[in-house]
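All remarks here apply to the structure that follows.
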Amino acid sequence: MSMRFTAKARRGMVAMTLAVGLAVGVAGCGGGGTDDKKPDASASTSKSGGSQASPQEGQSAQPLAELRGPDGLMLQVMSAQRDAGGFVTINAQLKNDGSKDAVLSSQLTGNETEIMKNGQSFGGATLVDSKARKRYYVLRDTDGRPLTTIGVQSVRAGDTVPVFMQFPAPPAGTTEVSFQLPTFASAPIKISG
């Protein structure tokens, strides 16, 4: 008789555990009932499928540097922000000042096989610390994808596309580096933060 009671008790406990688990799961999935939550800017994506530059505190209205490229393209570096995690994030705007749509060169992606297999990106960008004689390449995630805007194939005449690139941070004493992007002129930029 006690065995029958134990089996019934077990079924009751399983049913109660399942009910509590479902209730917690449903409560965790709720949106909170408000629609005034601001979207997370760091997770936004552009129409082209790549990530957009996230707004940075202290981002200046004047560019740190302007790099001229082919076909009327110009890259305006808006900020170079050092963060506590040991990274430098470059936020920029890619503008097409030309009269025709500009197709981006595959050279912007760089020539590393790991980055190239992930499609068009700005993975060929580098930061050069000439005093320390070091070159910093765009970071990659664990799947080899570059931590930069991806998927931008072209820029229409007159349009501007926000882009970002993330690099390992140079030593804290290094505040000025040269920013290089294939097919564009290089330029010195100051790192803040």
Side-chain angles (χ1 to χ4, degrees), residues 39-83 85-98 101-112 115-116 118-130 134-141 145-170 174-193:
D40 182 8
S42 63
S44 62
T45 57
S46 68
K47 291 178 186 175
S48 61
S51 299
Q52 282 185 344
S54 59
Q56 294 288 320
E57 289 183 24
Q59 186 170 333
S60 64
Q62 293 296 317
L64 298 175
E66 291 185 347
L67 291 74
R68 290 279 174 190
D71 303 323
L73 290 173
M74 179 176 56
L75 186 78
Q76 293 181 318
V77 178
M78 303 308 288
S79 69
Q81 185 74 34
R82 183 188 305 265
D83 70 17
F87 308 114
V88 169
T89 302
I90 305 289
N91 284 298
Q93 297 177 352
L94 182 62
K95 297 175 79 172
N96 182 353
D97 285 339
D101 294 357
V103 176
L104 299 186
S105 169
S106 61
Q107 292 179 36
L108 296 176
T109 301
N111 58 8
E112 293 182 48
I115 291 180
M116 290 171 57
N118 289 292
Q120 183 76 23
S121 73
F122 294 85
T126 57
L127 297 180
V128 177
D129 178 356
S130 56
K134 288 191 176 184
R135 181 181 302 262
Y136 298 91
Y137 295 89
V138 169
L139 291 168
R140 296 174 198 90
D141 67 13
R145 291 183 297 253
L147 298 181
T148 177
T149 303
I150 59 172
V152 179
Q153 302 288 327
S154 62
V155 181
R156 291 184 181 155
D159 279 2
T160 300
V161 177
V163 297
F164 83 95
M165 290 147 263
Q166 198 167 48
F167 301 88
T174 302
T175 58
E176 189 168 312
V177 292
S178 177
F179 177 76
Q180 298 177 345
L181 184 65
T183 73
F184 284 75
S186 64
I189 59 171
K190 289 194 181 288
I191 299 173
S192 60

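Quick caveat: nothing in here was measured; it's all calculated off a predicted structure.
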key: From CA spacing to verdict: side chain to side chain contact (heavy atoms under 4.5 Å, CB included), Phe179, Phe167   = CA-CA 11 Å; Phe179 177 76; Phe167 301 88; 4.2 Å; yes
What residues form a side-chain contact (heavy atoms from CB on, under 4.5 Å) with [X], not counting sequence neighbours?
X	value
Asn118	Arg145, Pro146
Ala185	none
Asp83	Phe87, Gln166
Thr160	Gln93, Lys95

Who are the salt bridge (Lys or Arg N to Asp or Glu O under 4.0 Å) partners of [X], not counting sequence neighbours?
X	value
Lys190	Glu176
Arg82	none
Arg68	Asp97

[X] and [Y]: which non-hydrogen atoms are nearest, and at how many Å?
X	Y	result
Gln81	Gly193	NE2-CA, 3.7 Å
Val177	Pro170	CG1-CG, 4.2 Å
Leu75	Ala92	CD1-CB, 3.8 Å
Tyr137	Glu112	CD2-OE2, 4.0 Å
Ser121	Gly123	OG-N, 3.0 Å
Leu64	Ala80	CD1-N, 3.6 Å

In Å and rounded to the nearest 0.5 Å, what is the [atom1] to [atom2] distance from [X] to [Y]?
X	Y	atom1	atom2	result
Phe164	Ser79	CZ	OG	12.0 Å
Gln120	Gln153	CD	CD	5.0 Å
Thr126	Tyr136	OG1	OH	12.0 Å
Leu67	Thr183	CG	OG1	10.0 Å
Ile115	Thr109	CD1	OG1	8.5 Å
Leu104	Asn96	CG	CG	9.0 Å

inquiry  = So, using side-chain hydrogen bond (donor to acceptor under 3.5 Å, both in side chains) as the criterion, who are the partners of Asp129 when residues are at least two apart?
reply    =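 For Asp129 the side-chain hydrogen bond (donor to acceptor under 3.5 Å, both in side chains) partners, ignoring immediate neighbours, are Thr174.
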message = With a 6.0 Å cut-off (strictly less than), is the heavy-atom count around CG of Asn111, excluding the residue itself, greater than 12?
response =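 No, because the 6.0 Å sphere around CG of Asn111 holds 12 heavy atoms or fewer from other groups.
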ask   = Would Gln180 and Val128 count as a side chain to side chain contact (heavy atoms under 4.5 Å, CB included) if you check the C-alpha gap in whole Å, the side-chain angles of each, and the deciding distance to 0.1 Å?
value = CA-CA 8 Å; Gln180 298 177 345; Val128 177; 3.6 Å; yes
ask   = Passes side chain to side chain contact (heavy atoms under 4.5 Å, CB included), Asp71 versus Val155? Steps please.
value = CA-CA 10 Å; Asp71 303 323; Val155 181; over 6 Å; no
request  = For the pair Ile90 and Phe122, evaluate side chain to side chain contact (heavy atoms under 4.5 Å, CB included) and give the outcome as yes or no after the intermediate values.
outcome  = CA-CA 11 Å; Ile90 305 289; Phe122 294 85; over 6 Å; no
Salt bridge (Lys or Arg N to Asp or Glu O under 4.0 Å) partners of residues 146-156, not counting sequence neighbours, each pair once =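 Sorted pair list comes back empty.
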